[in-house]
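Take a look at the structure set out below.
Residue numbers begin at 1 in each chain, while the letters A, B, ... track the order of the sequences. Values reported hereafter were calculated over all heavy atoms of this structure, with side chains retained and with hydrogens, waters and symmetry mates removed.
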2 protein chains.
Amino acid sequence: MAADHTVRDADIAPVAALIADPTRAAILTALLGGRALAAGELARLAGVSAATASAHLARLLDGGFVTVVRQGRHRYYRLSGPEVAEVLEVLARVSARPPVRSLRQSRQARLLEEARTCYDHLAGKAGVALLEALRGSGCLAGEEVTAEGERLLAGIGVHVAGARATRRRFAPECLDWTERRPHLGGALGAAVTAVLLERGWFRQGAAPRALTLTDEGRSELAALFPSHVTAPWSKELTWQSPVT
Amino acid sequence: MAADHTVRDADIAPVAALIADPTRAAILTALLGGRALAAGELARLAGVSAATASAHLARLLDGGFVTVVRQGRHRYYRLSGPEVAEVLEVLARVSARPPVRSLRQSRQARLLEEARTCYDHLAGKAGVALLEALRGSGCLAGEEVTAEGERLLAGIGVHVAGARATRRRFAPECLDWTERRPHLGGALGAAVTAVLLERGWFRQGAAPRALTLTDEGRSELAALFPSHVTAPWSKELTWQSPVT
DNA sequence: CTATTGCTTCGTCCGGCGGCGAAGGATGGG
DNA sequence: CCCATCCTTCGCCGCCGGACGAAGCAATAG
């Protein structure tokens, strides 16, 4: 998930290396159930000697992937936190990637490409188009809202000052997964998106996180950004959702 | 994010191994910008010879991490899709894990532990408690809603038949990140959560995805599940959000 | 105290992976 | 047609890291 911040140049290689070993991967997936397991049990599950398992557990411990609790002669290991579980789950999802997607899956994927939420702000083609429209119409310069933009956003009910007052970063660009181009994130992105949903310009779609542009939203947005002809709401393209 | 399905026993090790090499990691992060880059450029960026880079790119290609486009003498590589970018971003996030969290971060983390959305259904302590309450009061048996449950859910406005009619899995358990115990996912989980929000029993919280239990929600839920004393809405505990 | 069990540490072996230079296609310019 | 450029394939070397058995600690049982 592309968060508001750009991806830091963290060394992902050593972290990935912790998971890259089949034995450690087996240990980690065994722990993914959430329960704490004894070292011996993990050795058995992974199919290695106690010595080998111990070495692996030491590395996982050092890497912060697991924590250990001593209880009598036993040492119970468990995943150190939900972030670790998340990494494993995301990894498992791409590992299990089916060679060819089912019709339904590709349909949902296309739905998500059109418009979806990224945490709490608009993403997908629509999200990217929105940011471009805001920039193109002079509403947004850098990370700041212009006087022009202040007027336009107030007109549809966005409380810009309120968004600026939060501690959250105001209007960062957020790299879009599917478009690989930025959309509007941060406090402003969330505020704008909230308005888009309140006014019924977008509706919750069929798939989780999917949004669909309503007819009303299409015409209102087209009126709001008349010069932005490449957006999903443009009339020039007699745009139709490509999802059939 | 823990999705509706349980994590398949996919071989995550070989996938992780693709990222585990520093040179490949450098190549991948360079491609994370979304642009397609030529093999030579990637070699330069990663600081290795063309031969070495070529070998790595071949492996990434074989693993489905990147795709290649030939254009004249050049071969442009790019990430094969958003899933790959997601893996890298999640990995980067745990790699950059600060040893000690800032006050604000830990506060937000605790907020998220209480109640949050997982895609479109309730998660966190509240989500786990909800599932336990449903099971404990005989509303849910296995993956099916009992007659009892049908009555209770209809009473608060959940359209159970509607949820059952979708193609989405009906009422799967979804392993909770923070609690490491299941909460209610699937179509039913989404339907119930929608009602909880509509009725104002939960409100959108400060952090993205965070939810807070309202006073009204607390009393209504306590009335709905009188026997479930360990839940966040239980009066017996004079429960207060531990977030100060 | 001694025996047993559970886990870690130590010493050692070996396979595999990453690195490079040189040679071998492929493409485009002149 | 020849050369320059870009990339891949080949062959070789060095070394890291994962495997095990044996020995060393810790803790409980009797």
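Summary of the strand contacts: B:Y76 and A:A17 both lie near DNA chain D, and taking for each the nucleotide with the nearest heavy atom, the more 5' one is attributed to B:Y76.
Across all non-hydrogen atoms, the minimal contact from A:T52 to A:S49 is OG1-OG, 3.0 Å. B:H74 and B:A38 get closest at one heavy-atom pair: ND1-CB, 4.3 Å.
Summarising the geometry, the separation between CZ on B:R44 and P on C:dC20 is reported as 16 Å, rounded to the nearest angstrom. To the nearest angstrom, P of C:dG6 lies 16 Å from CG of A:L57. Atoms CZ (B:R24) and C1' (C:dG19) sit 13 Å apart, rounded to a whole Å. Nucleotide C:dC17 holds its C1' atom 7 Å from the CZ atom of B:R59, rounded to whole Å. Protein atom CD of A:Q71 is 14 Å distant from nucleotide atom C1' of C:dG6, rounded to whole Å. Taking atom CG of B:D62 as the reference point, atom C1' of D:dT8 lies 15 Å away to the nearest angstrom. Nucleotide C:dC17 holds its P atom 11 Å from the CG atom of B:L18, rounded to whole Å.
When atom types are taken as modelled, the side chain of B:S95 and the backbone of A:V15 share no donor-acceptor pair closer than 3.5 angstrom. Between the side chain of B:T29 and the main chain of B:A25, a donor-acceptor pair closer than 3.5 Å is present. Formation of a donor-acceptor pair under 3.5 Å by the B:R24 side chain with backbone atoms of B:L18 is found in this model.
Nucleic acid contact class of A:Y77 (heavy atoms, under 4.0 Å, all strands): sugar-phosphate only. The residue A:A58 sits apart from the nucleic acid: no heavy atom pair falls under 4.0 Å.
Taking 4.0 angstrom as the limit, B:H56 places a side-chain polar atom (N or O) nearer than this to OP1 or OP2 of C:dG19. Between B:R75 and the phosphate of C:dT27, there is no side-chain N or O to OP1/OP2 separation shorter than 4.0 Å.
Each of B:T193, B:L131, B:V128 was evaluated against B:L184; a single residue qualifies, B:L131, per the side-chain contact (heavy atoms from CB on, under 4.5 Å) test.
Listed by chain and number, the residues in a side chain to side chain contact (heavy atoms under 4.5 Å, CB included) with B:A17 are A:A20 (sequence neighbours excluded).
Comparing atom distances between the B:R73 side chain and each of C:dC17, D:dT8, D:dC6 picks out D:dC6 as nearest. Listed candidates were C:dG18, C:dT4, C:dC7. Nearest to the side chain of A:A39 is C:dC7. Of the candidate nucleotides D:dA27, D:dC7, C:dG6, D:dA27 has the atom nearest to the side chain of A:R70. Distances were taken from every side-chain heavy atom of A:D21 (C-beta onward) to each of D:dA19, C:dT27, C:dC7; the shortest belongs to D:dA19. Comparing D:dG18, C:dA26, D:dA19 against the side chain of A:T23 picks out D:dA19 as the nearest.
Of the residues in residues 47-54 of chain A, A:V48, A:S49, A:A51, A:T52 come within less than 4.0 Å of DNA chain D through at least one heavy atom, sorted by number.
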